[in-house]
J.: 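Quick one: the structure is below, and I'll ask about it shortly.
Values in this document were obtained by computation on a predicted structure and should not be read as measured data. By convention here, the first residue in the shown sequence is residue 1. Because only heavy atoms are used, hydrogens play no part in the values below, and waters and symmetry mates are left out as well, while side chains stay in.
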Amino acid sequence: YVILWLVIAAFIILYVPALSPRAPKGSPAEVMVTVGDREITVGEFQRDYRRQRQYYDRLYQGRMDDTTLRRMGLPNQVLQGLITSRIVELEASRLGIKVSDEAVVRALRSAPEWQDDGQFVGPEEVRRRLDLAGMSEQDYEATLRRQLQRETLQHLVTDGVLVSDAEAEREYRSRTEQVKVEYALV
């Protein structure tokens, strides 16, 4: 009986954790970081990293290799951007800032990247361009909603701040002016 119980215990220890709902290591659904109650998945990181890499490829006409991007700290920049995004989401949520579906549609229809000769390109063209960029409609909508939420929070924080020219000059001087002091001991 002892051997049977050892086999059963080994089975439970070795195989049951593999049945848990957590995503396997390295899969797109695996959670990399949790910020508050918001998760950042491997897939989300990979998507944003790929997007940033494509940006640099276009900017430098394909002359950026992975080693250079790593030396530039691109993986850390992408992860930091995702973390900052989650922090903004948490604060906006705490303050009750919500973005309506109508606001998302308005922003989509008025965004310059979705205009041809001043006219909205239409939903089919949006889908086509998103497909070419390797992005789903849901991902784009969520990104746009986060962007609008961030802008709303930023306006909430900065719109009530007024600084006179005299105050700005006084602060500038206090931060930049230095005084040379000479003294003699007698």
Side-chain angles (χ1 to χ4, degrees), residues 18 20-95 97-159:
S20 71
R22 285 187 300 158
K25 276 203 167 298
S27 76
E30 179 189 5
V31 175
M32 284 181 71
V33 178
T34 302
V35 180
D37 63 347
R38 313 287 166 113
E39 297 177 339
I40 298 171
T41 64
V42 169
E44 188 175 6
F45 171 81
Q46 290 170 338
R47 184 190 68 235
D48 282 14
Y49 182 84
R50 188 171 41 256
R51 199 172 302 134
Q52 281 295 107
R53 172 154 177 98
Q54 289 169 350
Y55 168 78
Y56 282 115
D57 281 344
R58 282 191 309 273
L59 188 64
Y60 294 101
Q61 298 159 351
R63 293 188 304 255
M64 291 294 250
D65 61 352
D66 285 328
T67 305
T68 305
L69 292 172
R70 275 194 301 279
R71 270 192 253 134
M72 287 174 45
L74 186 62
N76 290 334
Q77 291 174 24
V78 169
L79 184 58
Q80 188 59 48
L82 288 166
I83 290 170
T84 300
S85 175
R86 291 310 185 279
I87 291 170
V88 169
E89 285 177 31
L90 286 168
E91 185 61 15
S93 178
R94 186 184 73 77
L95 294 172
I97 297 172
K98 295 185 183 349
V99 177
S100 69
D101 292 339
E102 294 80 26
V104 172
V105 170
R106 262 193 321 275
L108 172 74
R109 289 180 170 275
S110 64
E113 63 265 24
W114 306 117
Q115 302 282 319
D116 280 340
D117 298 323
Q119 297 293 317
F120 178 61
V121 295
E124 292 80 24
E125 180 64 13
V126 170
R127 281 188 207 98
R128 188 186 75 75
R129 291 181 187 182
L130 287 174
D131 283 343
L132 287 173
M135 187 176 214
S136 73
E137 290 176 60
Q138 294 82 9
D139 287 343
Y140 180 76
E141 180 184 329
T143 300
L144 186 56
R145 191 176 300 273
R146 280 194 297 271
Q147 177 186 343
L148 293 171
Q149 193 176 41
R150 181 175 44 252
E151 289 171 4
T152 303
L153 179 62
Q154 184 176 1
H155 289 301
L156 181 68
V157 170
T158 60
D159 284 352

J.: What residue pairs, at least two apart or across chains, pass side-chain hydrogen bond (donor to acceptor under 3.5 Å, both in side chains) with a residue in residues 69-85?
T.: none
J.: Please say whether more than 12 non-hydrogen atoms of neighbouring residues, nucleotides or ligands are located less than 6.0 Å from CD in Gln154.
T.: no
J.: To the nearest 0.5 Å, tell me how far Asp101 CG sits from Glu141 CD.
T.: 6.5 Å
J.: Looking at Glu89, is its backbone amide N or carbonyl O close enough to the side chain of Ser93 to form a donor-acceptor pair, meaning the two atoms are under 3.5 Å apart?
T.: no
J.: Under the criterion side-chain contact (heavy atoms from CB on, under 4.5 Å), which of Asp48, Val33, Thr41 is the partner of Leu82?
T.: Asp48
J.: Hey, what do you get for CD (Glu151) to CG (Leu156), rounding to the nearest 0.5 Å?
T.: 13.5 Å
J.: So Leu74 and Thr68, side chain to side chain contact (heavy atoms under 4.5 Å, CB included) or not? Walk me through it.
T.: CA-CA 9 Å; Leu74 186 62; Thr68 305; over 6 Å; no
J.: Under 3.5 Å, side-chain donor or acceptor atoms of residues 109-123 against the rest of the protein: list the pairs with distances, not counting sequence neighbours.
T.:
| residue | atom | partner | partner atom | Å |
| --- | --- | --- | --- | --- |
| Ser110 | OG | Arg106 | O | 2.9 |
| Ser110 | OG | Ala107 | O | 3.4 |
| Trp114 | NE1 | Tyr140 | OH | 2.8 |
| Gln115 | OE1 | Gln119 | N | 3.4 |
| Gln115 | NE2 | Arg109 | O | 2.3 |
| Asp116 | OD2 | Arg129 | NH2 | 3.2 |

J.: If we ignore hydrogens and angles and just use 3.5 Å, is the side chain of Gln149 paired with the main-chain N or O of Ile97 as donor and acceptor?
T.: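 Pair found, side chain donor or acceptor close to backbone of Ile97.
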J.: Any salt bridge between Arg128 and Glu124, counting N to O under 4.0 Å?
T.: no
J.: Counting distance only, does the side-chain N/O of Arg86 pair as donor-acceptor with the main-chain N or O of Gly36 below 3.5 Å?
T.: no
J.: Among residues at least two apart in sequence or on other chains, which ones pass side-chain contact (heavy atoms from CB on, under 4.5 Å) with Asp131?
T.: none
J.: Rounded at 0.5 Å granularity, tell me how far OG1 in Thr152 sits from CG in Leu95.
T.: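 Taking OG1 in Thr152 and CG in Leu95, the distance rounds to 11.5 Å.
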J.: Working to the nearest 0.5 Å, report the span between OG1 of Thr143 and CG of Leu148.
T.: 11.0 Å
